[in-house]
There are 2 protein chains.
Amino acid sequence: MKAEAQALKGHLEVLLLAALEDGPRHGYAVKEALRDGSGGRFDLPTGTIYPALHRLEEAGLITGSWSTVDGRRRRTYHLTAQGLRRLHADRSNWHGFAAAVTALLERKPWPATT
Amino acid sequence: MKAEAQALKGHLEVLLLAALEDGPRHGYAVKEALRDGSGGRFDLPTGTIYPALHRLEEAGLITGSWSTVDGRRRRTYHLTAQGLRRLHADRSNWHGFAAAVTALLERKPWPATT
DNA sequence: CGGCGATAGATAGGAAACATAGCTATAGAC
DNA sequence: GTCTATAGCTATGTTTCCTATCTATCGCCG
């Protein structure tokens, strides 16, 4: 349950959306998918996951519905059309962001000092 | 002076350190280097840059010294040995982070739902 | 039976970092 | 004389994530 990353700041939501892209999942399953899909790197506490899902739902990017499986309540989320559009936009934005950071980190020499 | 990215959260410091890697710079020059080196993507306000540099200095990762050029005060920063080590560590960490996020964003199908 | 770990959900409170907005000051252009 | 670019600073606000704690069920182990 240790979180390697406050570095996720600002990039968590796109990961949650991506986790819901190929089908609905309940919150706990999203948490596991993130952990397993990242080789354990993004093993986020539920105190991070659930509020983030609530934000996404409130923003209309996902919708949730309750069900009960084996006596346990589940809230299963799926992407809305708006959420899908946002995922596409954010994914493309991520690539631009990552490319820019990587370029700056590799850069030598940097633009000249005034 | 508009900042495209709150997404920088957690990744600004490594960029500042990288900007100082091939020689000392003053704060305003760091800001310009970041803007120009990213094609305008990271055009950060001074209210972001200066406090970040102060944090780095207080952490012992950079040191600054005052000078006066053309009647304007400048504080020129350079990397400490500790800052250089941190840069190396953070840079390598960035590559891992970026690879993990990218992999998750491309991933389909995701690890199975329980 | 009793306790514990995994599953499933939630919230309250705090900390960190970036943005907004405002301030001082000089040099040079218009 | 005013405006822009250069050069620096900080107080306040917001967002976002983490820590800690809580409820509850199920299955396993002793």
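Just so it is clear: chains get the letters A, B, ... in the order the sequence lines come, proteins before strands, and each one is counted from 1.
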Given D:dC17, C:dA27, C:dA10, identify the nucleotide with an atom nearest to the side chain of A:R55. D:dC17

A:I49 CD1 to C:dT7 P: how many Å, rounded? 14 Å

Atom CG of A:L34 to atom C1' of D:dC17: distance rounded to whole Å? 14 Å

Measuring to OP1 and OP2 of C:dT7, would you say a side-chain N or O of A:R72 lies under 4.0 angstrom away? no

Check whether any side-chain nitrogen or oxygen of B:H54 sits under 4.0 Å from OP1 or OP2 of D:dT10, and answer yes or no. yes

Whole-Å distance between C:dA8 C1' and A:R35 CZ? 14 Å

Once you apply a heavy-atom cut-off of 4.0 Å, does B:G47 come out as touching a base, just sugar-phosphate, or nothing? base

What is the distance, rounded to the nearest whole Å, between atom CD of B:E32 and atom P of D:dG8? 10 Å

Between B:T102 and A:W94, is there a side-chain heavy-atom distance shorter than 4.5 Å? yes

Is the B:H11 ring parallel, tilted or perpendicular to the A:H11 ring (thresholds 30°, 60°)? tilted

Taken to the nearest whole Å, CG/B:L44 to C1'/D:dA7 is 16 Å

Is the distance from OP1 or OP2 of C:dG9 to the nearest side-chain N or O of A:Y50 less than 4.0 Å? yes

Proximity to the side chain of B:T46 - top-ranked nucleotide from D:dT16, C:dG22, C:dA17: C:dG22

Tell me whether the count of non-hydrogen atoms from other residues, nucleotides or ligands lying under 6.0 Å of CD in A:E106 goes above 12. yes

To the nearest Å, give me how far apart CG (B:D70) and C1' (D:dG8) are. 15 Å

Under 4.0 Å between any heavy atoms, over every strand shown, what does B:R73 touch: base, sugar-phosphate, or nothing? Just pick one. sugar-phosphate

From C-beta outward on A:R75, which listed nucleotide comes closest to its side chain: C:dA10, D:dT19, D:dA7? C:dA10

So, do B:I49 and B:L34 sit near enough that their side-chain heavy atoms are less than 4.5 Å apart? yes

Of the candidates D:dT6, C:dG9, D:dC17, the side chain of A:L12 sits closest to D:dC17

Side chain of B:K9 only, please: which of D:dG8, D:dT15, D:dC17 is the nearest? D:dT15

Verify the contact: side-chain N or O of B:Y28 to OP1 or OP2 of D:dG8, cut-off strictly under 4.0 Å; return yes or no. no

Nearest-Å distance, CZ (A:R74) to P (D:dC26)? 13 Å

Which of these nucleotides, D:dT6, C:dG9, C:dA19, is closest to any side-chain atom of B:T48? C:dA19

Whole-Å distance, B:E58 CD to C:dA17 P, equals 11 Å

OH on B:Y50 to NE2 on B:H54, rounded to 0.5 Å: 8.5 Å

